[in-house]
Number of protein chains: 2
Amino acid sequence: MKATIYDVAKEAGVSIATVSKVINGKGKISEKRRKEVLKIMERLQYQPSMIASALTGKKTYSIGLLVPDISNPFFSEIARSVEDQGHQLGYSLIICSTDNKDERIEKYIALLKQKKVDGIIIGTGSDQLDVLNSLSGTMPIAAIGREVPDVDMHTVVVDDYEGGRMAARHLLELGHTQFAVLSESLKLISSRERLRGFSQMLMEAGIEWSESMLKICDYRVEDGKRQALELFRQDSVPTALFCCNDMLAVGAYQAAKQEGIRIPSDLSVVSFDNTILATVTDPPLTSIAQPMEHMGKLCVDLLVDQLKIGNVAVMKQRVVLRPELVERHSTAPL
Amino acid sequence: MKATIYDVAKEAGVSIATVSKVINGKGKISEKRRKEVLKIMERLQYQPSMIASALTGKKTYSIGLLVPDISNPFFSEIARSVEDQGHQLGYSLIICSTDNKDERIEKYIALLKQKKVDGIIIGTGSDQLDVLNSLSGTMPIAAIGREVPDVDMHTVVVDDYEGGRMAARHLLELGHTQFAVLSESLKLISSRERLRGFSQMLMEAGIEWSESMLKICDYRVEDGKRQALELFRQDSVPTALFCCNDMLAVGAYQAAKQEGIRIPSDLSVVSFDNTILATVTDPPLTSIAQPMEHMGKLCVDLLVDQLKIGNVAVMKQRVVLRPELVERHSTAPL
DNA sequence: CTGAAAGCGCTTACAG
DNA sequence: CTGAAAGCGCTTACAG
């Protein structure tokens with residue numbers, strides 16, 4: 001049987017209260033006793049049960065991470081940084097792939113509540129705010145990479161608007177004048193903002209931009225390809241394409257290849273996210289990088305700070321990080 | 001305050017034992033009482049605390065997943081299937097990226113023990129078997145995608161040897177005679193087996209194969225590139241390259257591009273794993289697919305079966321799944 | 001069919 | 001500085 005606090009106490013000839021105190025470094029314990037107890041803990045290979053301490057101490061030292069799909073490179077990279085920072089601070093990570101389905105979101109949230117996780121990081125979208133809203137009252141939550149309007153929580157995002165501008169600026173500097181955009185659903189604030197930044201920048205450059213050059217896709221590569229094909233088969237062919245994420249850019253690559261359009265000589269492509277995919281395509285993608293590592297770390301820090309304060313009603317921060325243009329070889333002068 | 005079992009019991013005018021029984025469907029309860037209690041649970045929005053039940057009922061309904069790096073596409077795809085099947089069966093998934101470092105492995109394992117997870121799925125390598133061996137005595141564990149010799153646990157792997165053979169056969173059928181291999185460390189059994197299958201097939205075809213055409217890489221794309229460059233700069237240039245995983249193939253692609261070697265016309269490439277990366281490269285990779293979804297599901301099933309039986313000493317299975325050649329466009333007739 | 005009571009392994013006032 | 005005792009929210013024999 002595994003050693004319990006009772007075994008240690010008995011062996012050391014002290015009370016379990018004393019042992020508990022040396023474990024947690026609380027209260028005053030004479031140095032002599034402390035060392036004795038520590039030695040015995042060592043000898044018995046005693047590891048406190050986190051279950052028992054959770055039941056009394058109120059913390060489980062685990063947090064949940066809600067993402068659409070852990071197998072999507074963007075989210076797996078986010079997950080890695082969240083995991084690392086969490087681990088650093090003593091928290092384990094429970095991953096929850098929601099497929100952006102409300103049903104799965106609700107089920108996972110109920111589960112996380114039952115497991116009494118200390119907090120939840122939300123990287124998934126939901127039309128149904130009720131769930132999140134009711135959450136924010138009862139449990140520390142924070143959002144990463146997603147804006148969730150009207151929900152009171154810490155939020156860490158990249159400056160999507162500025163990212164859109166950067167993409168446009170880069171393309172403009174290369175001399176392009178015929179633009180197209182592949183975007184995810186405009187229900188997502190991030191997509192809207194990227195598009196808005198992009199359009200705004202073009203407008204400032206005096207470029208008019210037609211609605212017909214915007215295609216909305218779901219999140220899959222295939223859909224990116226399909227929409228890109230439609231784009232390429234229209235009358236006016238763009239020379240520059242902005243894709244709202246790397247996955248869509250991959251779809252666009254496939255479409256371009258199929259149509260005999262060469263990147264970057266015929267078509268310059270800028271994508272968003274800068275996941276591993278951006279380094280794997282040929283040519284490698286010029287991408288607006290989200291600082292995923294930084295975002296994960298920061299989000300965990302904010303959440304954990306909130307846990308410590310213990311007050312759910314702390315001032316919530318909205319941290320907006322700067323994106324960065326990573327130039328590779330998918331863009332070229334006109 | 002959240003409702004507890006006491007609140008429900010009081011409200012229903014029964015004992016907490018009775019409530020417990022209706023929650024768990026154990027024992028005999030009159031239908032009338034059952035319904036009453038259920039109704040009250042509903043009204044109070046009562047959710048049993050999994051912490052408390054874990055402390056008494058002995059199960060936490062969580063499992064740990066040890067992988068080298070969740071941000072690596074292969075492991076994130078594995079994780080997704082493990083998560084889904086686990087969730088299906090009522091288990092949450094705690095992810096642990098080990099970077100294949102013994103120190104991290106040990107720390108994570110200690111943590112998972114303290115959290116009393118019901119079982120651990122091991123997808124990470126370790127030279128230090130002691131840790132795993134001592135584990136296998138105390139807690140249900142299962143391995144996925146890795147062979148860990150001398151440790152008594154369920155194992156789900158792909159037939160690496162056969163995969164290597166398939167790669168060679170495919171290349172032979174295309175008429176190639178000059179082969180090279182990019183492998184991960186041969187400390188990994190899976191790498192050894194892939195190589196062995198590959199060599200064996202060549203040998204059977206009467207092809208002699210020189211040691212100098214084998215390069216060992218670490219797990220990174222950059223290293224794959226570096227080693228591939230060395231390969232390409234040798235006297236005898238191969239026309240067919242087998243890469244032990246998709247990441248290394250990506251490195252090889254980069255090297256080939258740099259050297260002006262065209263794929264597949266100058267060089268045919270077969271990789272292993274068939275992650276998302278294989279679909280993203282240009283040309284898309286012909287890859288020996290591991291049935292990751294099936295592997296994850298199966299591994300969870302085996303582990304959970306073992307949990308139910310409760311007997312750590314059940315007969316351990318070693319399930320070997322067939323790989324599959326997925327032809328894309330990185331291979332061509334000589 | 002139902003409930004009183006002990007116990008899971010801790011933490012936390014409180015008293016000394 | 002140290003310990004007895006209550007309590008966290010459940011489950012599980014056991015008795016009735």
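In what follows, every chain begins at residue 1, and chains take the letters A, B, ... in the order their sequences are listed. Remember, predicted model here, so these are calculated numbers, not experimental data.
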Going by the rule side chain to side chain contact (heavy atoms under 4.5 Å, CB included), which residues pair with S15(A) if we only count those two or more places apart in sequence or in a different chain?
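Here the qualifying residues are A17(A), T18(A).
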
Could you list the residues that satisfy side chain to side chain contact (heavy atoms under 4.5 Å, CB included) with Q88(A), not counting sequence neighbours?
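Q88(A) satisfies side chain to side chain contact (heavy atoms under 4.5 Å, CB included) with Q85(A) only.
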
Presence of R33(B) side-chain N/O under 4.0 Å of dT2(C) phosphate oxygens OP1/OP2:
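For dT2(C), OP1 or OP2 has a side-chain N or O of R33(B) closer than 4.0 Å.
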
Could you check whether the rings of H87(A) and Y108(B) sit parallel, tilted or perpendicular, using 30° and 60° as the cut-offs?
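Ring orientation of H87(A) relative to Y108(B): parallel.
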
Distance, rounded to the nearest Å, where [X] contributes [atom1] and [N] contributes [atom2]:
X: L55(A); N: dG7(C); atom1: CG; atom2: C1'; value: 12 Å
X: D7(B); N: dC8(D); atom1: CG; atom2: C1'; value: 13 Å
X: K2(B); N: dG9(D); atom1: NZ; atom2: C1'; value: 11 Å
X: I29(A); N: dG3(D); atom1: CD1; atom2: C1'; value: 10 Å
X: K113(A); N: dG9(D); atom1: NZ; atom2: C1'; value: 18 Å

How would you list all residue pairs meeting salt bridge (Lys or Arg N to Asp or Glu O under 4.0 Å) that involve residues 138-147 of chain B, not counting sequence neighbours?
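Every pair satisfying salt bridge (Lys or Arg N to Asp or Glu O under 4.0 Å) with a residue in residues 138-147 of chain B: E147(B)-R318(B).
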
Residue closer to the 5' end of DNA chain C, K116(B) versus S15(B) (nearest nucleotide):
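Closer to the 5' end of DNA chain C: S15(B).
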
Could you spell out the base pairing of DNA chain C as a dot-bracket line? Use Watson-Crick and G-U wobble contacts where both distances are under 3.5 Å, [ ] for crossing pairs, | for partners on a different strand.
|||.||||||||.|||

For residues 32-45 of chain B, which side-chain donor-acceptor pairs fall under 3.5 Å, sequence neighbours excluded?
from: R34(B); atom 1: NE; to: E31(B); atom 2: OE1; distance (Å): 3.4
from: R43(B); atom 1: NH1; to: E11(B); atom 2: OE2; distance (Å): 3.4

Lys/Arg-Asp/Glu bridge criterion (N-O < 4.0 Å) met for D99(B), R80(A):
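Salt bridge between D99(B) and R80(A), a charged N being under 4.0 Å from a carboxylate O: yes.
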
Between the side chains of K308(B) and D118(B), is the shortest nitrogen-to-carboxylate-oxygen separation below 4.0 Å, so that they form an ion pair?
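Looking at D118(B) and K308(B), the cut-off is not met.
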
Quick one, give me the B/S/- string for nucleotides 10-16 of chain C, reading 5' to 3', where B means a protein heavy atom under 4.0 Å from the base and S means that only happens at the primed atoms, P, OP1 or OP2.
BBB----

